[in-house]
Amino acid sequence: MNPWKEALLRIDANLDIEVWPRVENKDRVTFAVCWNHPKKVLDGYPNLKAVTSLGAGVDHLLKDVAIPKSVKLARVMIPSLKTQMGEYVLNAIQNYRFYTARYVDQKREAYWSKHNPVPKEDCTVGIMGLGEIGSAVAEWLLVNGYEVNGWSRSKKNIGGVQCFDDSGLDEFLSRTNILVCLLPLTKETSGILELDVFKKLKPPAFLINVARGTHLVEEDLIYALDTKVLQGACLDVFEEEPLPANHLFWNRPNIMITPHTASITDPEEAAELIVENYKRSLSGIELLNEVDRELGY
Ligand code: GLV
């Protein structure tokens, strides 16, 4: 059985669940659970009341014109999404600091050459996006002895983190070596990771993008690496996924690539929240983690 269907039925065995594309009767569907569904798949569901994303991101739902504006949207936010992301980002930082990728290459060639680790003082982290995941990552990095700055649309208050709002972007960047993007994808944040931003970082600078591929202007990253504005990058998300085999990024030794695995939703953990939201949607009450369509997250 589909692992999601199984997990949901474990919470409530009476649920009536159909797994796309085998949906017998569109009229009976009131609640949909989606992740990167193909375009037009949600066309023609007259009784749809709510749709939940299977992940934290909801950009795939917001850009789907087949979902009427009256349909409520929600996302999944569970503890393991935060811990996984914290561990991923810490690991990316440590790989950069300790030259992990370079040593993997050296081993292949039986080549012995030492590099001094990048000192922690040159690894002040700046997190763009201080939502639930961004704040949790900031706290995890603090616990691990990193200095952390945070930037968000409206100013946040997180103990030990130097927080900036929209107007403080330049100062945030000038105090940051390692820029971590954890922003929601909106009109305002699309393409935010561009050359001007990279140039304002405190050298030596490094980029980690774990949000969405379209936050990054890809050619600006290549230019920034070639001109040593950035020392390297760790990317988990891409404009086109899977990243095409002929993409420039594959051949860059200073770009670490992971296939959108930084934080993966566990069906068992998310099922209770999804079932609760299904019930809330039937009663017409506010969903947990409901999305504000205006804000875009
Ligand atoms: C993953 O990319 C998510 O949005 O949860």
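One-based numbering, in listed order, for ligands and for the atoms of each. Reckoned from all heavy atoms, side chains included, excluding hydrogens, waters and symmetry mates.
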Does a side-chain N-to-carboxylate-O contact under 4.0 Å join Lys199 and Asp196?
no
Between Leu48 and Thr30, is any pair of side-chain heavy atoms under 4.5 Å apart?
no
Would you call Glu132 and Lys82 a salt bridge, using N to O less than 4.0 angstrom?
yes
Between Arg212 and Asp59, does a salt bridge (Lys or Arg N to Asp or Glu O under 4.0 Å) hold up when you go through it step by step?
CA-CA 9 Å; Arg212 286 292 177 265; Asp59 42 298; 3.0 Å; yes
Every residue of the protein that comes under 4.0 Å of ligand 1, judged on heavy atoms:
Trp35, Gly55, Ala56, Gly57, Arg212, His260
Would Lys49 count as a cation-pi partner of Phe31, with NZ or CZ less than 6.0 Å from the six-membered ring centre and within 45° of the ring normal?
no
Any pair with a residue in residues 219-230 that passes side chain to side chain donor-acceptor pair (under 3.5 Å), sequence neighbours left out, goes on the list, sorted by first then second residue, please.
Asp226-Arg252
